Amino acid sequence: MCWRYYFNVSHTYYISKQYKCTNMSVRSLARQRTFDVLRSVVFFYIKTPLRVKEAGLEELIPTTWWPTRFDKEGKDELEAKSETADERLRRRAYERGCQRLKKRIEVVEELQVQILRLLLNNKDRGTGEASRYIFLNKFRKFLQENASNRGHPTALCPPEYMLCFLHRLITAVRSYWDEGKRKGPGCINSEEAYVPPQLFYNGKVDYFDLQRLGGLLSHLKKTLKDELASKTNIIIDPAEILTTSMDDLDEDEESGAAQRPFGAAAMGGALARPSWLSSPTLGRANRFLSTAAVSLMTPRRPLAPPEKVKVRTLAVEQRTEEDIEGSHGNDGLLLGRPLEEPDQPIAEKSLLEIVDGIVMMYNLSVHQQLGKMVVVSDDVHEYAMALKDTEEKIARCPARRADILDELQKSQKVFAEKLNHLSRRLAWINATVYSKEKMLDVYWLLRVCIRTVEHADHTGSLFAFAPEFYLNVAMNAYSALKNYFSPANSMDDLPGYEDTLTQLAAILAKHFADPRIVGTDIKDSLMQALASYVCYPQSLRAVERIPEEQRVAMMRNLLAPYEQRPWAQTNWILVRLWRGCGFGYRYTRLPHLLKTKPEDTNLPSLQKPCPSLLLQRHMAELLSMDKDMAASFLNSVLNQLNWAFSEFIGMIQEIQQAAERPERNFVDTRQLKVCATCFDLSVSLLRVLEMTVTLVPEIFLDWSRPSAELLLRRLAQLLNQVLNRVTAERNLFDRVVNLRLPGLESVDHYPILVAVTGILVQILVEGQRQGL
């Protein structure tokens, strides 16, 4: 059949036959200079067909199906009770065809896994080195090439190849891991796998130029050398520190300059912030990983003086089995175990490095590919809605308009043919990319990253050595599970899913303001991840399940003064915790926008309100007990409100002038976007003030507080300013709103006036209650 071509069956069968015969054949293959992982990755790729007929999918899936019922927001209605008998039969026939396709693909995937198991065999050493250690060194070199050439796509492994390779490698590694668990009862099973923190600072594993959480490795080794010596018995050679070149110093200055706020960044990053879960920053001048010389002390003996032994880390290509697995008195990759890390075997050390490489591989391009393949599902949805709309028009078309009816029927035929093609292609993608097994692989990777971050966090200041990509992969893997694999596979069915959500919530709550993390991009990603987390009921409940101490610490960090830090996302998190409780604040979308259809109903900002009364209570307790923090926080909110609203008024004046010019009757879209952002910031800051007035009115009304009168006076001045600008008929604000310019859809009287009204109502009610 033609579909066999897309499985690369001929390649897979040939390789498996050739190298399944003898162990010597596998080692000789791995040792070949011409053998590299990039070429071998081709054998693990299952090619996605572009033409359905050539792939034979019409034979495997003779009956096609697609969703035909949608709610008001355009989402699929999944209730089976609304299906007709014919639709149910079609859906079940389509699902049977998908299962037939999946079983045939699984046969080839199993062959590919067996090939990888041959390459990962560590018992075939004979007179030479085992296959696994040869493969491991080449695999690390492969990762280095892809990490170092991200600006040159032609030099990279294609992401679709990387995706298939990652899934096969996870299966093979987990099978070897669990085999080791059965042979060594003291080890942990693959379900509890993690990468120990020693790998991040002992120089045994090369992380190339990838950024660490605490900055450059050379900087960390200088500033944390005492902690390394006291906690891990690793002493940095002073000669190594002195070899820092002027190049490194220049790059440190560049890194510091890049992290200083300027322009939009100084006002909170609201105008030009990266997308949620942006890709990690690549570090600079990370030269010590492959050449660092460290002096090592023997295991801790308090009564005897430490014996120093100088060891030089070998280059990736020169490492042997002993360098990786260790030997008597040598811990190999696990050199420098901190006191916080349990003294028990985890797994074979070579498997730990492969798992570390899998996490890095997901970060390099696999997540990007997962997001790319969702386009097919989106196309099916759009064509299905277009077909349904066309069929409704045909039903309404009068009989006398045969010309219109003929055009509609042609459109109907085109849409149906396209959907037949896309539904079969989607079946292929669901079987190879978004299947339940692939979802479990990504979920396993998420849990590996969570446990790795937790173990690294326990080391205290040494947490700064952890690479940024572990946090990025944790956030991206959760995003993939939530947005890419559903609704075909439900996240709720994953084992231990609620506990995993809570663990991830604890990581986000603790590390979004962690002083040990210095990278601007990773800090912004953590903040945006937490902001998205509190928008959905299930993940918000996970935040509420973390220990009370961590919840209070998170709220304390959110209530820190807004100056000198990106405050827009912080403010938005507080707004989401309040949304649903404020005056006229129970809407999902603004009332005047209900007639327009949103581009993406899955955006966090378009979720139904789900306030957290528990976190509101923590906020109230903190502001009530700590008078200085309450005063500094509210002064910073009032300062930012004054700035945001003043900027907004200045911009609408420019927009009004530009719109009235006869010679140039258009406005720059970027200026409109910045203007709308300033308006949204003003509304959100007013909502935070409303929340504060409602939860802790004594901050403004208790005259025993030294700052109460000043805060109330400032609040009254700002509210008067807003009302003067917004409520006057036919003034500047009114004229700009009536222009209905594209990009200023959110600018309207309602959102800002109800926020001001909510503040005034609460002050009046509480003032009467206290007799003021």
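Given the structure is predicted, the values throughout are model-derived calculations rather than measurements.
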| request: Take Cys164 and Arg168 through the test side chain to side chain contact (heavy atoms under 4.5 Å, CB included) and record every step on the way to the result. | output: CA-CA 6 Å; Cys164 293; Arg168 308 304 172 269; 3.9 Å; yes

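- Residues Phe200 and His455 keep their aromatic ring centres 6.0 Å or farther apart.
- With no hydrogens or angles considered, no side-chain donor-acceptor pair links Gln99 and Glu95 at under 3.5 Å.
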| said: Could you walk me through whether Phe469 and Leu364 satisfy the side chain to side chain contact (heavy atoms under 4.5 Å, CB included) test, starting with their C-alpha distance in whole Å, then the side-chain angles of each, then the deciding distance to 0.1 Å, before giving a yes or no? | reply: CA-CA 9 Å; Phe469 64 78; Leu364 290 174; over 6 Å; no

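- Closest non-hydrogen pair, Ala474 versus Leu446, comes out as O-CD1, 3.2 Å.
- Judged by distance alone, the side chain of Asn146 and the main-chain N or O of Cys157 form a donor-acceptor pair under 3.5 Å.
- The CG atom of Leu228 sits 6.0 Å away from the CD1 atom of Ile234 when rounded to the nearest 0.5 Å.
- Residue Leu143 holds its CG atom at 10.5 Å from OH of Tyr207, rounded to the nearest 0.5 Å.
- Within the 3.5 Å criterion, the main-chain N or O of Asp206 finds a donor-acceptor partner in the side chain of Arg140.
- Residues Ile46 and Gln112 meet the side-chain proximity criterion, which asks for heavy atoms closer than 4.5 Å.
- Using a 4.5 Å heavy-atom threshold, the side chains of Lys438 and Asn489 count as separate.
- In this structure, Leu163 and Phe44 have side chains that are not in contact, with every pair of non-hydrogen atoms separated by 4.5 Å or more.
- Within the 3.5 Å criterion, the main-chain N or O of Leu60 finds no donor-acceptor partner in the side chain of Arg424.
- In this structure, the separation between CG on Asn430 and CZ on Phe485 is 10.0 Å, given to the nearest 0.5 Å.
- Panel note: side chain Ser479, backbone Met475; no donor-acceptor pair is recorded below 3.5 Å.
- For the residue pair Asp331 / Gln198, no side-chain donor-acceptor distance below 3.5 Å is found, with atom types taken as modelled.
- The main-chain N or O of Leu370 is found under 3.5 Å from a side-chain atom of Tyr434 such that the two form a donor-acceptor pair.
- Tyr133 pairs with exactly one of Lys138, Glu322, Glu325 by the side chain to side chain donor-acceptor pair (under 3.5 Å) rule, that one being Glu325.
- One distance of note links CG of Leu530 with CD1 of Ile507; it measures 12.5 Å at 0.5 Å rounding.
- A salt bridge is absent between Arg447 and Glu192; no separation between the charged side-chain nitrogens and carboxylate oxygens falls under 4.0 Å.
- Between Glu341 and Thr459, the side chains place no donor N or O within less than 3.5 Å of an acceptor N or O (distance only, hydrogens not considered).
- Counting only distance, with no hydrogens or angles, the side chain of Arg100 and the backbone of Ile61 share no donor-acceptor pair below 3.5 Å.
- Between the Trp428 side chain and the Leu101 main chain, no donor and acceptor come within less than 3.5 Å of each other.
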| message | Let's go through Ile450 and Tyr194 carefully: what are the C-alpha distance in whole Å and the side-chain angles of both, what is the deciding distance for side chain to side chain contact (heavy atoms under 4.5 Å, CB included) to 0.1 Å, and is it a yes or a no? | response | CA-CA 8 Å; Ile450 288 175; Tyr194 70 95; over 6 Å; no

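- Here the closest non-hydrogen pair linking Val173 and Leu120 is CG2-CD1, 4.0 Å.
- Nearest heavy atom pair, residue Tyr176 against residue Leu351, reads C-CD1, 4.0 Å.
- Within the 4.5 Å cutoff, no side-chain heavy atoms of Val448 are placed close to those of Val473.
- Asn472 and Tyr362 form no side-chain donor-acceptor contact under 3.5 Å, judged by distance and modelled atom types alone.
- Pro197 places none of its side-chain heavy atoms less than 4.5 Å from the side chain of Leu462.
- When all heavy atoms of Ile188 and Trp177 are compared, the pair lying nearest together is O-NE1, 2.8 Å.
- To the nearest 0.5 Å, atom OH of residue Tyr470 and atom CZ of residue Arg212 are 10.5 Å apart.
- Using a distance-only test at 3.5 Å, with no hydrogens or angles considered, no donor-acceptor pair links the side chain of Ser148 to the main chain of Glu145.
- The main-chain N or O of Val374 is never found under 3.5 Å from a side-chain atom of Tyr484 such that the two would form a donor-acceptor pair.
- In this structure, the side chain of Ser435 does not engage the main chain of Thr432 through any donor-acceptor pair within 3.5 Å.
- Both the sub-6.0 Å distance and the 45° axial angle are not jointly satisfied by Lys231 relative to the ring of Tyr201.
- Here the side chains of Leu210 and Met360 are in contact, with some heavy-atom distance below 4.5 Å.
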| request: Please report the C-alpha distance between Gln538 and Lys482 in whole Å, then the side-chain angles of each, then the deciding distance to 0.1 Å, and finally whether the side chain to side chain contact (heavy atoms under 4.5 Å, CB included) criterion is met. | output: CA-CA 11 Å; Gln538 191 176 25; Lys482 187 175 187 303; over 6 Å; no

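- Closest approach of Val195 and Thr452 over heavy atoms only: N-OG1, 3.0 Å.
- Looking at heavy atoms from C-beta onward, Asp441 lies out of side-chain contact with Glu437 at the 4.5 angstrom threshold.
- Distance check: His511 NE2 to Ser525 OG gives 14.5 Å after rounding to the nearest 0.5 Å.
- For the pair Val453/Phe463, a side-chain contact is recorded, criterion being any heavy-atom separation below 4.5 Å from C-beta on.
- Shown here is Gln550, whose CD atom has more than 12 heavy atoms of other residues, nucleotides or ligands within 6.0 Å.
- Heavy atoms only, all atoms of each residue included: Ile324 and Asn137 are closest at CD1-OD1, 4.3 Å.
- Taking the six-membered ring where tryptophan is involved, the planes of Phe142 and Phe165 are perpendicular, since the angle between them exceeds 60° and thus also 30°.
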